[in-house]
Amino acid sequence: MLEKGALYIVGTPIGNLGDFSPRARETLGEADFIAAEDTRVTMGLLNRFGLHKPLISYFEHNKLSREGTIIARLRAGETCALVSDAGMPAISDPGETLVAACAREDIPVYVVPGPTAAISALAVSGLPTGRFTFEGFLSVNKRSRRRHLEQVEGETRTMVFYEAPHKLRRTLSDFEKLFGGDRRIAVVRELTKVHEEVWRTTLGEAAAHYREREPRGEYVLVIAGAEESGNEETAYTLEEAVDMARELLEEGAPPSEAAKQAAKATGLRKSEIYRVLTEESP
């Protein structure tokens, strides 16, 4: 049973309809109305599962004008399910604006998780996944695009980008120039669809490949982060060294030994650490 006057963010399949969860179907079936990025796409999904609900379009170019209407209906006690064409709404998606509006208005927002292209591509990329950054789409505006590229130039975490087929060549060329042709990349195409492809290669090879071949389908680009230099030594302050020695004291180490270990770890003089440490001792 859905909560009245609440917005439900509903994840939908990114390709394979078998990924449409029972909870997602149930939520769309119970909602009073559905806010959809493309009503034609969502109508096809609803028809496939025998669901019939009123739809309201909500996309990038009408989101501000539609926002007031949706908020008013939520205020009146209706429930709204927010969907995108595929995947999780509000992730590199105009739904972000509606969720922010609901937060400002103290309207409850719930999530019904579903497939996400970024996380799915990261999982199959073969690149480090412990730390990563989601970068979404690069802007077509030259200044914004250049600023975005400058911001990620030294990024050491794995990076995930979305890209449309008609812009893929330019993007791969920009990445090759920025990161170098030897940087590893997983070019992930048409996830969960019939022509799903995961190509683990280098930026140089990927850029060359698509200069000769027409890009087809929707792409997720997973790029390895920059190698950490590993030769930069961390500079410790005396205060940090004394804190380290103090922790050793609490573990039962004598002051002299605590100062010695802290000096070894920080590169600072044992005598200075010992002096401050013993001055603080009761």
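Computed from a predicted model, the values in this text were never measured in an experiment.
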* Step-by-step side-chain contact (heavy atoms from CB on, under 4.5 Å) determination, T192 to D19 -> CA-CA 9 Å; T192 78; D19 295 331; 3.8 Å; yes
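- Looking only at side-chain heavy atoms (C-beta outward), M88 and V111 come within less than 4.5 Å of each other.
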* Between F175 and F161, does a ring pair (Phe, Tyr, Trp, His ring centres under 6.0 Å) hold up when you go through it step by step? -> CA-CA 11 Å; F175 285 156; F161 292 85; 4.7 Å; yes
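- Salt-bridge formation is detected for the pair R169/E214: a Lys NZ or Arg NE/NH1/NH2 atom is positioned less than 4.0 Å from an Asp or Glu carboxylate oxygen.
- Under a hydrophobic-cluster definition in which Ile, Leu, Val, Met, Phe, Trp and Tyr are linked whenever side-chain heavy atoms come within less than 4.5 Å, directly or via other members, Y110 and L98 are assigned to different clusters.
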* **Step-by-step side-chain contact (heavy atoms from CB on, under 4.5 Å) determination, T266 to L238** => CA-CA 9 Å; T266 63; L238 179 59; over 6 Å; no
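- Going from atom CZ of R211 over to atom OG of S173 covers 6.5 Å, rounded to the nearest 0.5 Å.
- Hydrophobic clustering (ILVMFWY, side-chain heavy atoms < 4.5 Å, transitive): L172 and Y219 are in one cluster.
- With a 6.0 Å radius and a threshold of 12 heavy atoms from other residues, nucleotides or ligands, Y162 has its OH atom above the threshold.
- Between the side chain of S125 and the backbone N or O of L122, at least one donor-acceptor pair lies under 3.5 Å.
- Judged by distance alone, with hydrogens and angles left aside, the side-chain atoms of R145 form a donor-acceptor pair with the main-chain N or O of S139 at under 3.5 Å.
- Side-chain atoms of N47 come within 3.5 Å of backbone atoms of M43 as a donor-acceptor pair (strictly under, hydrogens ignored).
- Considering all non-hydrogen atoms of both residues, L221 and E163 come closest at CD1-CB, 4.3 Å.
- Atom CG of L268 is separated from atom NZ of K264 by 15.0 Å, given to the nearest 0.5 angstrom.
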* To do: Report the C-alpha separation of E197 and R216 in whole Å, then their side-chain angles, then the decisive distance to 0.1 Å, and conclude whether the salt bridge (charged side-chain N to carboxylate O under 4.0 Å, His left out) test is met.
  => CA-CA 11 Å; E197 179 183 26; R216 297 183 183 279; over 6 Å; no
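- A salt bridge is absent between R269 and E272: the closest approach of a Lys/Arg side-chain nitrogen to an acidic carboxylate oxygen does not fall below 4.0 angstrom.
- Residues P113 and R23 share a closest heavy-atom pair of CD-NH1, 3.7 Å.
- A distance-only check finds no donor-acceptor pair linking the side chain of R200 to the backbone of I185 [under 3.5 Å].
- In terms of heavy-atom proximity, G95 sits nearest to L82 at CA-CD2, 3.8 Å.
- Rounding to the nearest 0.5 Å places CD1 of I223 at 11.0 Å from OG1 of T133.
- Although no hydrogens or angles enter the test, the distance criterion places no donor-acceptor pair under 3.5 Å between the side chain of E105 and the main chain of I107.
- Under a hydrophobic clustering in which Ile, Leu, Val, Met, Phe, Trp and Tyr are joined whenever their side-chain heavy atoms come within less than 4.5 Å, directly or via other members, F134 and L127 fall into the same cluster.
- Side-chain N/O atoms of S65 and E67 include no donor and acceptor closer than 3.5 Å.
- P115 and P13 get closest at one heavy-atom pair: CG-CA, 4.1 Å.
- Side-chain contact of D32 with T79: a donor-acceptor pair under 3.5 Å is present, judged by distance alone.
- V187 and V160 fall into different hydrophobic clusters, where Ile, Leu, Val, Met, Phe, Trp and Tyr residues are linked whenever their side-chain heavy atoms come under 4.5 Å apart, directly or through other members.
- The environment of D182 atom CG is sparse: at most 12 non-hydrogen atoms of other residues, nucleotides or ligands sit within 6.0 angstrom.
- Each ring-ring contact (aromatic ring centres under 6.0 Å, His included) pair with one or both residues in residues 44-73, not counting sequence neighbours, appears once here: F20-F49.
- For the atom pair K193 NZ and N16 CG, the distance stands at 11.0 Å (nearest 0.5 Å).
- Side-chain atoms of K53 do not come within 3.5 Å of backbone N or O of L28 as any donor-acceptor pair.
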* Starting from the C-alpha separation in whole Å, work towards a yes-or-no answer on side-chain contact (heavy atoms from CB on, under 4.5 Å) for F179 and V152. => CA-CA 9 Å; F179 300 127; V152 299; 3.9 Å; yes
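- For E176 (side chain) and L203 (main-chain N/O), no donor-acceptor pair under 3.5 Å exists by modelled atom type.
- A pairwise comparison of heavy atoms in T201 and A206 identifies CG2-CB, 4.0 Å as the closest pair.
- The CD atom of E78 lies 11.0 Å from the CD1 atom of I70; values are rounded to the nearest 0.5 Å.
- Side chain of E240 to backbone of T237: a donor-acceptor contact under 3.5 angstrom is found.
- Residue R189 holds its CZ atom at 10.5 Å from CG of L191, rounded to the nearest 0.5 Å.
- In the hydrophobic clustering of this structure, V41 does not group with L55; members are Ile, Leu, Val, Met, Phe, Trp, Tyr whose side-chain heavy atoms approach within less than 4.5 Å, directly or through other members.
- Remark: the N62 side chain and the S57 side chain contain an N/O donor-acceptor pair separated by less than 3.5 Å.
- In terms of heavy-atom proximity, C102 sits nearest to L74 at SG-CD1, 3.9 Å.
- Residues I34 and P54 fail the side-chain proximity criterion, which asks for heavy atoms closer than 4.5 Å.
- Of the possible polar contacts, none joining the Y274 side chain to the K260 backbone as a donor-acceptor pair under 3.5 Å is found.
- With hydrogens and angles ignored, the 3.5 Å screen pairs no side-chain donor or acceptor of T116 with any backbone N or O of G87.
- A cation-pi arrangement is present between R73 and F33 under the rule of less than 6.0 angstrom and at most 45 degrees off the ring axis.
- Checking T97 against R66 by side-chain atom types alone, no donor-acceptor pair falls below 3.5 Å.
- For K167, the NZ atom counts as densely surrounded, since its 6.0 Å shell holds more than 12 non-hydrogen atoms of other residues, nucleotides or ligands.
- L248 places none of its side-chain heavy atoms less than 4.5 Å from the side chain of E257.
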* **Pair E135-S92, side-chain contact (heavy atoms from CB on, under 4.5 Å): steps then yes or no** => CA-CA 9 Å; E135 299 295 333; S92 197; over 6 Å; no
